[in-house]
Enquirer: 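Quick one: the structure is below, and I'll ask about it shortly.
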Amino acid sequence: MEIVSTSDVKSSSQTEVVMKTIFDETIIEGGRTSFGTVTIPPGARIPLEGTGSHTQDEYGLILKGSMLTMSGGKEYRVVAGQATFIPHGEKHWAYNDGQDDCEIVWALVSR
């Protein structure tokens, strides 16, 4: 077992969004999953412009707050207590249009 304190993980973000990869695919030989957290403050958007996509499937669990998101050409409102799934290759973005931070636990899983 490995235990990591998320407060010890450095953020990979260069904006006010705090993205932390806690475990990545290199944790075990042949690994296929990366796992982390993201905090999106009010008014922040990921990516800053346009859409993003991954070669892996993306799973998310919204722990706090809410956000407006677009995935596969459709807009959604997601709130704390909901989980999301975005298939690999699907273009998406997220925008925190609320007044509180939106905190998410995410996993990227290769098929």
Side-chain angles (χ1 to χ4, degrees):
M1 174 184 281
E2 282 196 42
I3 299 173
V4 175
S5 174
T6 58
S7 62
D8 294 338
V9 177
K10 300 276 190 236
S11 171
S12 63
S13 301
Q14 297 180 2
T15 65
E16 65 273 16
V17 173
V18 178
M19 177 83 67
K20 294 183 178 185
T21 300
I22 298 168
F23 296 112
D24 65 18
E25 294 176 337
T26 64
I27 192 165
I28 59 169
E29 186 176 334
R32 297 173 45 179
T33 303
S34 296
F35 169 82
T37 63
V38 62
T39 301
I40 307 169
R45 186 182 190 281
I46 302 173
L48 289 175
E49 296 179 358
T51 60
S53 66
H54 310 282
T55 57
Q56 311 93 336
D57 293 327
E58 179 181 327
Y59 298 84
L61 175 62
I62 293 75
L63 300 177
K64 177 183 169 190
S66 66
M67 66 179 172
L68 181 64
T69 186
M70 186 283 300
S71 188
K74 295 170 86 173
E75 285 190 7
Y76 302 89
R77 160 92 34 217
V78 292
V79 300
Q82 293 182 318
T84 61
F85 169 73
I86 303 170
H88 73 282
E90 188 163 284
K91 294 180 179 182
H92 59 282
W93 53 257
Y95 172 65
N96 183 347
D97 61 346
Q99 296 186 10
D100 299 311
D101 285 351
C102 183
E103 295 178 2
I104 303 167
V105 173
W106 56 265
L108 296 176
V109 181
S110 296
R111 293 185 181 197

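No hydrogens, no waters, no symmetry mates; every other heavy atom, side chains included, goes into these values. Because the structure is a prediction, the values reported are computed rather than measured.
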Enquirer: What are the two closest heavy atoms between Ile40 and Ala94, and how far apart are they?
Expert: CD1-CB, 4.4 Å

Enquirer: Linking I/L/V/M/F/W/Y whenever any side-chain heavy atoms sit under 4.5 Å apart, do Val109 and Trp106 land together?
Expert: no

Enquirer: Looking only at side-chain N and O atoms, does Ser34 offer a donor or acceptor that is under 3.5 Å from a partner on Gln56?
Expert: no

Enquirer: Angle class for the Phe35/Phe23 ring planes (parallel below 30°, perpendicular above 60°, tilted otherwise)?
Expert: parallel

Enquirer: Do the side chain of Asp24 and the main chain of Thr26 share a donor and acceptor less than 3.5 angstrom apart?
Expert: yes

Enquirer: How many angstroms lie between atom OH of Tyr59 and atom CG of Leu108, to the nearest 0.5 angstrom?
Expert: 10.5 Å

Enquirer: Within the side chain of Arg32, is there an N or O that forms a donor-acceptor pair under 3.5 Å with the backbone of Ser110?
Expert: yes

Enquirer: Kindly list each side-chain donor-acceptor pair under 3.5 angstrom involving residues 63-72, sequence neighbours excluded, with atom names and distances?
Expert:
unit_1	atom_1	unit_2	atom_2	d
Thr69	OG1	Trp93	O	2.5
Ser71	OG	Glu90	OE2	2.4

Enquirer: Under 4.5 Å between side-chain heavy atoms, hopping through other hydrophobics if needed: is there a path connecting Val17 to Ile62?
Expert: yes

Enquirer: Any chance you could measure Asn96, atom CG, to Arg45, atom CZ, to the nearest 0.5 Å?
Expert: 12.5 Å

Enquirer: Determine yes or no for a side-chain-to-main-chain donor-acceptor pair under 3.5 angstrom, with His92 supplying the side chain and Thr51 the backbone.
Expert: no

Enquirer: Do you know which two heavy atoms are closest between Pro42 and Gly98, and how far apart they sit?
Expert: CB-O, 3.3 Å

Enquirer: Side-chain heavy atoms nearer than 4.5 Å, only ILVMFWY residues, links allowed to pass through others: does that put Val78 and Val38 together?
Expert: yes

Enquirer: Measure from the side-chain N and O atoms of Asp57 to the backbone N and O of His88, and report whether any donor-acceptor pair falls under 3.5 Å.
Expert: yes

Enquirer: On a heavy-atom basis, which atom in Thr21 and which in Val9 lie closest, and how many Å separate them?
Expert: O-CG1, 3.5 Å

